[in-house]
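Labels below follow one simple rule: chain letters A, B, ... track the order of the sequence lines, proteins then strands, and each chain is numbered from 1.
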Amino acid sequence: MSETEIPKTYEPQSVEARWYQSWLDNNCFAAKVDPAREPFAIMIPPPNVTGVLHMGHLLNNTIQDILTRRARQEGKSALWLPGTDHAGIATQSRVEKELRKTGKTRYDLGREKFIETASEWRDKHGGIILEQLKKLGASCDWARKSHTLDPHYSKAVLQSFITLYERGYIYRGKRMVNWCPVSLTGLSDEEVIMKPQSGKLYRMRYEIVEHPGEYLEIATTRPETIPGDSGVAVNPEDPRYTHLIGKHVWRPFPRVKIPIVADVLVDKEFGSGVLKVTPAHDKVDFEIGQRHQLEVLDVMNPDGTMNELAGEGLAGVERFKARDIAAQKLKDLGLLLKEEPYENNVGFSERADVPIEPRLSEQWFIRYPKIEEAKRAVSDGFVKFHPERWNKVYLHWLNNIQDWCISRQLWWGHRIPVWYKKDADRNEPGNRHVSLEAPADIENWEQDNDVLDTWASSWLWCLANLGWEKPGMTTPELRYWYPTSALATGPDIIFLWVARMIIAGLEFYGEEKETLDDADIAARIPFKDVYFNGIIRDAQGRKMSKSLGNSPEPLDLIAKFGADGLRIGLLSIAPKGQDILFSEDRISQGRNFCNKLWNAARFRQMSGPAGDNATLEKIVARIDPTKCDADDHAILANLAASIDIVNDALGRFDFNTYTAALYQFFWTDFCDWYVEVSKSRMQDDSSRSTILAIQDICLRQFLLLLHPVAPFITEELYHLLGFCNGSDFIQNHFAGTGSDLRDILAKQRGLTLDNNAVAEIATLREFVTQARALKAQQNQAAKKDCKFKLIVKDDTARAFITHNTDKLKKLVGAADIEFADDTGNSPATPTALGTLALDMTGLVDVEAEKIRLTKELERLEKLAAAGEAKLANEAFVSKAPPNILEGAKAQLADTQAKRDEVRRLLAGLG
RNA sequence: GGACGGAUAGCUCAGUUGGUUAGAGCAUCUCGUUUACACCGAGAGGGUCGGGGGUUCGAGUCCCUCUCCGUCUACCA
């Protein structure tokens, strides 16, 4: 039994540091395979090693921590597995940037040395974000920390490539890819960000070879690619041009005859309806070129400069300079008709933030397996998205899925496990060696230089982190925790990561299987629930970014508001599935809440000696049911209801309802009412121990409910108030359900909670509010010795008031509340218990009172009229269900009574 | 171009199958230091639920339409 005095102010810093260390020392977060308990697992979305903790991480990880801690309280064997990914392009560019400062490139170092340098950089910077998560209170099982380049993980990644290769889902080919001229690598479609750009549309004309002097008008935004044109295309159904199909035009520079072809991809409505076809530099053009056997003329270097094929004046020039030069050339040739401003969307490299260049190159591609099953996994509810609307986004992507370019022309990553016979055709499968091991006669082979897309490693996150290395393989961890319970992430990576993890699970878990039935899908999905949190924006709605400098420093926020305060604040401002506008004032609410809780606990300790709080049963045993009044029944009933609301809300990932219920119960019901009422009731010594026991029940169960979101302060108070002993932790205790609480009260003390008590107390609270309002209106709010008169409504009300007189006097700040038959011209207001008047003994401002009552009368008359009209409506009376009808009648009667009373009061003023 | 989301108090948002007089926090104003808490307490003001139409006895909630914001997606050069 702890008798430690609770300090006056809550100091989060020392409490947080102390408990986090204690949790680590006692292995509180270490998850064990334990068949006796229900498994629960969450894999952290791996923050990339170049990143720092930002607001999005705070929210996302708070949510994961809530789910994990909650699961622990429920007695599950809860695993929250942390880790990072190697972030291929991002890390490599950071390291190369550092290198450039010393005047070197990666080629100067060589592959091996470069990877060594990058690893060092990763080890230096990569752990920071995880350390920061500890400050937030994240209850990860740190011993299981994972990284995508760990030896075991790498093996799994390479094996997954080999497996897909062997199963025929991987191919190598010369395709159009999104080329980043800065990172000098291909990118997947998902790594390209479309941005609206204002540029120019150049309208030009090409002379028709067969009809000298006649011209075709063509529009383009990219005149620099003219040297790469190997044809022009029109729509086959465009009557303006049918006679020209099969003829030729002169490409202006270098001047060459190119054919006019017909292709349905050409939009008749756009520009002149004629498209210049540059197969090497545009996806659509490539397709058209393939269909019509047009020559592929690559006029650009990998770094975005023009090459020799571009011809004189352009060769060697950077692509955007080349655009101006090409335009000038057209003008000089008299072929440029018009330049007009033009707004279009241009793809940008997500990492390097420069326009990507569609470019033909040799790459590895994945044709996705198990697409149909992946759709069913979500549409049939094996994987549940929260909010559900993301289903559509996911399914839309799967319905339009494109092959995935997985090779990256980088060094930092998993090197593709393919060797080619030297000096042989690489596209001939016989000349390849695809394996975890290099070929024995290595001198005759050379390994592919490329590495895999980072997402082609992180899509195995749920599998590899539980020990998976190859299909069919199983481990105790996989058997126990797979499929994992939940995933919490942002909707921005639904394609990059979430969808691909589902596909990977379906394809790689278990033995090879062509098609999957429902049972297979249920067993193979990587997770059962996915919660998509909103993106956090600044108060103006802009995305948080380093360049804007609008992202607050998370550790500063923790220092300022405490980790618990920050967590509560963040959660309470996060609307369901919507983006979140961040502002510090709103986080302060969380801190304020912690302070309120702290002081409520402190006040409990000041109110009387601690009883035996070791278990809920022992606290309940301290209750004397004969001392319980309506307030006790009401607060316990509210507690039971709140427990159920919280349980239900967390089960549905409805964090808004969770925090709202916590606030309402604790602040409004418990502190503002019950504790205040207790102050007067505890003057009676015989009631005190019962009231304190009930306060202890409320505090204990509330701490348990709050614990997942505010782990530190709840742990601290749980111990300080003696709810568990020093070697135990709050995570081992659970609030149960509302009916569990009711059952214990009934069984142990024969205390059956009175369902009318809540309504009765609501009436009393409203009455108090009205009385206080009367005082405030008369500028008497501060006075404690006011006299009230009450024309009591009936005997029930009389008994009720009599029974609660002491409480009322205390809560309202009154010397007396006496029953009366008349209130004279005192300011008065009708209440549910009768007409209440403040005795002003002649100090009444009659005119002001008239104005107030007239206003009130107007309101009531309007209401009554509306109610009367409703009940006079034949259709309503005959069609509305009985409870609605009765409700409307009761309400009208009440309104009419009040209206008449206000009329009477008004008349009394003369 | 397509899809999705949003529009409710000055601000940020709740409002579960349509049902009594639409809620919360913050902000504002007034009052207040009583046995916890000024990171507090009491009270007040503030909304024709984006516009228009429809279904219904009854619509913030369902249907249609329009407007404005946001996000994702796409092969209009």
Touch class at under 4.0 angstrom, heavy-atom based, for A:K784 against every strand present: base

Distance in angstrom units between A:F593 CZ and B:C40 C1', rounded: 15 Å

Pair A:E676 + A:R681: basic N to acidic O under 4.0 Å: no

Length of the CD-C1' vector between A:E858 and B:U21, whole Å: 16 Å

Integer-rounded Å distance: B:G58 P and A:F876 CZ: 10 Å

Span that lies between the C1' atom of B:C68 and that of B:U30, in whole angstrom: 39 Å

Sugar-phosphate, base or nothing in reach of A:P881, heavy atoms under 4.0 Å: base

Sugar-phosphate, base or nothing in reach of A:Y342, heavy atoms under 4.0 Å: sugar-phosphate

Identified stems (criterion: three or more consecutive Watson-Crick or G-U pairs, under 3.5 Å), RNA chain B: B:1-7 with B:67-73, B:10-13 with B:23-26, B:28-32 with B:40-44, B:50-54 with B:62-66

Exam field: side chain A:K898 to backbone A:L860, donor-acceptor pair closer than 3.5 Å: no

Donor-acceptor under 3.5 Å (A:K775 side chain, A:V812 main chain): yes

Nucleotide B:G41, atom P - distance to OH of A:Y674 in whole Å: 19 Å

Touch class at under 4.0 angstrom, heavy-atom based, for A:T220 against every strand present: sugar-phosphate

Touch class at under 4.0 angstrom, heavy-atom based, for A:R859 against every strand present: base

Which pairs of donor and acceptor atoms, one on a side chain in residues 557-569 of chain A, lie under 3.5 Å apart (sequence neighbours left out)?
residue : atom : partner : partner atom : Å
A:K560  : NZ   : A:E584  : OE1          : 2.8
A:D564  : OD1  : A:F712  : N            : 3.3
A:D564  : OD2  : A:F712  : N            : 3.3
A:D564  : OD2  : A:I713  : N            : 2.7
A:R567  : NE   : A:V709  : O            : 2.8
A:R567  : NH1  : A:D65   : OD2          : 2.8
A:R567  : NH1  : A:L136  : O            : 3.0
A:R567  : NH2  : A:D65   : OD2          : 2.9
A:R567  : NH2  : A:P708  : O            : 2.9

Got a list of protein N/O to nucleotides 69-75 of chain B N/O distances below 3.5 Å?
residue : atom : partner : partner atom : Å
B:A74   : N6   : A:N345  : ND2          : 2.5

Sugar-phosphate, base or nothing in reach of A:A219, heavy atoms under 4.0 Å: base

Shortest side-chain distance from A:A773, nucleotide among B:A77, B:C4, B:G43: B:G43

Near-ring test A:Y531/A:F655, centroid separation under 6.0 angstrom: yes

Separation of atom CZ in A:R591 from atom C1' in B:C26, rounded to whole Å: 14 Å

A:E357 bridged to A:R359 by N-O distance under 4.0 Å: no

Atom-to-atom span, CG of A:D669 to P of B:A24 - whole angstrom: 13 Å

Rounded P spacing from B:A42 to B:U33 in Å: 15 Å

Under 3.5 Å donor-acceptor, A:E191 side chain and A:S188 backbone: yes

Integer angstrom distance from the P of B:A27 to that of B:C11: 15 Å

Atom P, compared across B:G60 and B:G23: separation rounded to whole Å: 13 Å

Inter-nucleotide P distance (B:C49, B:A22), Å rounded: 11 Å

Spacing between A:K879 atom NZ and B:A59 atom C1', to the nearest angstrom: 16 Å

For atom CD of A:Q589 and atom C1' of B:C40, their distance in whole Å: 15 Å

Touch class at under 4.0 angstrom, heavy-atom based, for A:D585 against every strand present: nothing

Chi-angle category of B:U34 [syn within 90° of 0, anti beyond]: syn

Donor-acceptor pair (no angle test) under 3.5 Å: A:Q683 side chain, B:U35 base: yes

Under 3.5 Å, which N/O atoms of the protein pair with N/O atoms of nucleotides 36-38 of chain B?
residue : atom : partner : partner atom : Å
B:A36   : O2'  : A:N599  : OD1          : 2.8
B:A36   : O2'  : A:R602  : NH1          : 2.5
B:A36   : N7   : A:K679  : NZ           : 3.4
B:A36   : N6   : A:E676  : OE2          : 3.0
B:A36   : N3   : A:N599  : O            : 3.1
B:C37   : OP1  : A:K8    : NZ           : 2.8
B:C37   : O4'  : A:N599  : OD1          : 3.1
B:C37   : O2'  : A:N595  : OD1          : 3.0
B:C37   : O2   : A:K596  : NZ           : 2.9
B:C37   : N3   : A:K596  : NZ           : 3.0

Proximal nucleotide (of B:A77, B:C4, B:G25) relative to the A:F270 side chain: B:A77

Whether A:F670 and A:Y674 hold their rings parallel, tilted or perpendicular, with breakpoints at 30° and 60°: parallel

Sugar-phosphate only, base, or nothing, as touched by A:T769 at under 4.0 Å among non-hydrogen atoms: sugar-phosphate

Ignoring hydrogens and angles, write down the donor-acceptor pairs under 3.5 Å from the side chains of residues 266-273 of chain A, residues two or more places apart or on other chains.
residue : atom : partner : partner atom : Å
A:D267  : OD1  : A:E269  : N            : 2.9
A:S272  : OG   : A:E217  : O            : 2.3

A:F593 and its ring pair (Phe, Tyr, Trp, His ring centres under 6.0 Å) partner, picked from A:Y663, A:F665, A:Y10: A:Y663

Side chains of A:T225 and A:K276, donor plus acceptor under 3.5 Å: yes

Upstream residue (5' side of RNA chain B) when A:K268 and A:V768 are each assigned their closest nucleotide: A:V768

C1'-based separation of B:A9 from B:C72 [nearest Å]: 32 Å

Euclidean distance for P, B:C31 against B:U21 (whole angstrom): 35 Å

Which residues share a salt bridge (Lys or Arg N to Asp or Glu O under 4.0 Å) with A:E874, sequence neighbours left out: none

Rounded distance in Å between the P positions of B:C64 and B:G45: 39 Å

Axial cation check for A:F348 ring with A:K195, 6.0 Å and 45° limits: yes

A:G608 backbone acceptor or donor facing A:R604 side chain under 3.5 Å: yes

Closest-nucleotide ordering on RNA chain B, the 5'-leading residue of A:S680 and A:R765: A:S680

